[in-house]
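No hydrogens, no waters, no symmetry mates; every other heavy atom, side chains included, goes into these values. Indexing begins at 1, ligand by ligand and atom by atom, following the structure's order.
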Amino acid sequence: MSSGEQVAKYDVAIIGAGFAGLYALHKFRDDLGLSTRIIEAGTGPGGTWYWNRYPGARVDIPSMQYSYQFDDALQQEWDWREKYAPQGEILDYVDHVVDRFDLAKDIQYNSRVRACQYDDYTGLWTLTLESGEKLVARYCIMATGCLSAANKPRFEGDDSFRGEVYHTGQWPHDGVDFEGKTVGIIGTGSSAVQAIPVIAGECKHLTVFQRTPNFSAPAYNEPLDPEYAKAVKADYKAFRQRGQESLVAWDIDMNEKEYAEMSPEEIHACLEERWKMGGLFFYGTLADLLTNQQANDVVSDFVREKIRSKVDDPGIADLLTPKTMIGCKRICADTNYFETYNRDNVTLVDISEQPISRITPNGLEVGDESWEFDVLIYATGFDAMTGSLERIDIRGRRGLTLKEKWNAGPRTLLGLQTAGFPNMFVIANAGSPSVLTNMITGIEQHIEWVADAVRYLQQSGLNTMEANLEAEDDWVDHTNEVASETLLLGCNSWYLGANIPGKPRVFMPYLGYPDYKQQCNEIAAEGYKGFTLSSTGA
Ligand code: NA7
């Protein structure tokens, strides 16, 4: 930094203007009275919902629950239009929140953070933007999201394709006109499951390249029943409380009985009933769905049968039927996904044994077969959770990089801090329930915990908080132990980093929101046990 250079100074710098960053700004600026700035790469707020504009994008948690609960007036005044809000409606809500809490004036858009460097002597973080601009802050809030770093696998010849190329996670703001066009899509994860039925209805022909079929339950999306919304609003507190007590941080109306406690007839009736509830409610079938192989098998087989019954061609039905356990990856919530393969203008190509060989100027090749199209869509997901953090050059004490520190997988205490990186707080990412829950509820819990911690520091005349290595090691062991009690380690998912070649195989999220929250509260009550609180710099 040259001596005459003007560098803006803040108490708190927040990276990302998604749900986490926006609430953090409100909390730190308006409740704690700290000078706070959000740096955001996009041209508007919304995070994941700003980028993921692909056709059919919508939330898979009911809108009445996928929203902030920190302000009762906000939840009373907002009216959701659909049971599962589409991407545009979620952005409307985000805009409303930005206006209501006057957040825009402290958000710097169009600014991607290239590096964050901690100074051991001053205890301050310097953020360097891609433009070269720098800013300094004592607290650094990484609200960078879990599904932000798009994964675009490289294939031989991938620059040679002459048509239009898109990634579902970086969709153009003006949309894509598919009329009269032939389209190829790689991937059949949640994004593709939502996009495929819509694109098939708009384009001339759609070819789907599938490596692994996915479990999906119908969403039964519809306009939100105003009477239902009214009833929820009449006692929103109790409704939210049920979410707070749930394993996944939203009211899923969980069946509390395990496999062994029910007769086969009862299980079947329960499965049919859950299928009618649809979407992620299907996680609530049996209490031991993710911990008992027998329970999982019976639920998996039920959904496999449902899938087969929807697809006319038995060969295609077979390809679309998942062989893995249900819940290995997040169950998708779809609208006519499997039925779309009954259309004349849709072709399914199995690439499970013979991967894509190369991209060509007109399409792609799989072994000896070539496929041609005008538009190529990568629905290939994300370098989930850690990806968005590791794309920033983050350096903590004595220049230690986060990348080096997390070389063998993310290491955190409560998912909130990592030793060697004082005053850096990571929101809803690896080491916390995050993606296994209602993200917004998890985010609010995190921000409130961090804000309380900063308030505690201030009241104690201190300004620095850092996870202790030993406590962090214990947390990593505990997170692994919790995951090892489930079936989730035995199959491939992005929870384990398995979708990114070379990424360490570590189960990243923490399973169990209420337990997690209780541990956070206990640690705070014990004066932030496991963290070192101190004073650094002036
Ligand atoms: P996902 O769920 O990670 O899905 C990505 C899809 O892309 C999946 O079907 C992958 O197959 C496929 N893929 C990835 N790389 C390749 C290559 N190299 N070749 C062929 N196919 C590939 O991402 P989404 O965006 O759909 O969903 C992300 C989350 O958003 C989701 O979990 C919800 O929480 C919401 P694979 O399964 O790896 O064989």
### Query
Judged by modelled atom types alone, do Lys152 and Thr380 share a side-chain donor-acceptor pair under 3.5 Å?
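Note: Lys152 and Thr380 side chains miss the donor-acceptor criterion.
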Which protein heavy atom lies closest to [atom], and at what distance to 0.1 Å?
atom	result
atom 29 (C) of ligand 1	Leu147 CD1, 3.7 Å
atom 5 (C) of ligand 1	Ala379 O, 3.4 Å
atom 31 (C) of ligand 1	Ser190 OG, 3.3 Å
atom 4 (O) of ligand 1	Gly189 CA, 3.4 Å
atom 32 (O) of ligand 1	Trp494 NE1, 3.0 Å
atom 12 (C) of ligand 1	Gly187 CA, 3.7 Å
atom 36 (P) of ligand 1	Thr212 OG1, 3.4 Å

### Message
Using modelled atom types and a 3.5 Å cut-off, is there a donor and acceptor pairing between side-chain atoms of Gln69 and backbone atoms of Gln75?
### Response
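Checking the backbone N and O of Gln75 against the side chain of Gln69, no donor-acceptor pair under 3.5 Å is found.
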### Query
In terms of heavy-atom contacts, does CG of Asp368 have more than 12 from other residues, nucleotides or ligands at under 6.0 Å?
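Result for CG/Asp368: open.
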Assess [X] for proximity to ligand 1: is some non-hydrogen atom of it under 4.0 Å away?
X	value
Phe209	no
Phe382	yes
Ile351	yes
Ile356	no

### Task
Record the part of Ser191 in heavy-atom contact with ligand 1 below 4.0 Å; permitted values are side chain, backbone, both and neither.
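The answer is both.
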### Task
Identify the residue among Asn499, Asp383, Ile500 that makes a side-chain contact (heavy atoms from CB on, under 4.5 Å) with Trp494.
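Result for side-chain contact (heavy atoms from CB on, under 4.5 Å) with Trp494: Asn499.
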### Salt bridge flag under 4.0 Å for residues Arg154 and Asp159
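Yes, charged N to carboxylate O under 4.0 Å.
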### Message
Taking the six-membered ring of Tyr50 as reference, does the cationic atom of Arg53 (NZ for Lys, CZ for Arg) lie under 6.0 Å from its centre and within 45° of its axis?
### Response
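Satisfied, under 6.0 Å and within 45°.
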### Task
Enumerate the atoms of ligand 1 whose separation from the nearest heavy atom of Arg330 is less than 4.0 angstrom.
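Matching atoms, with element in brackets: 33 (C), 34 (O).
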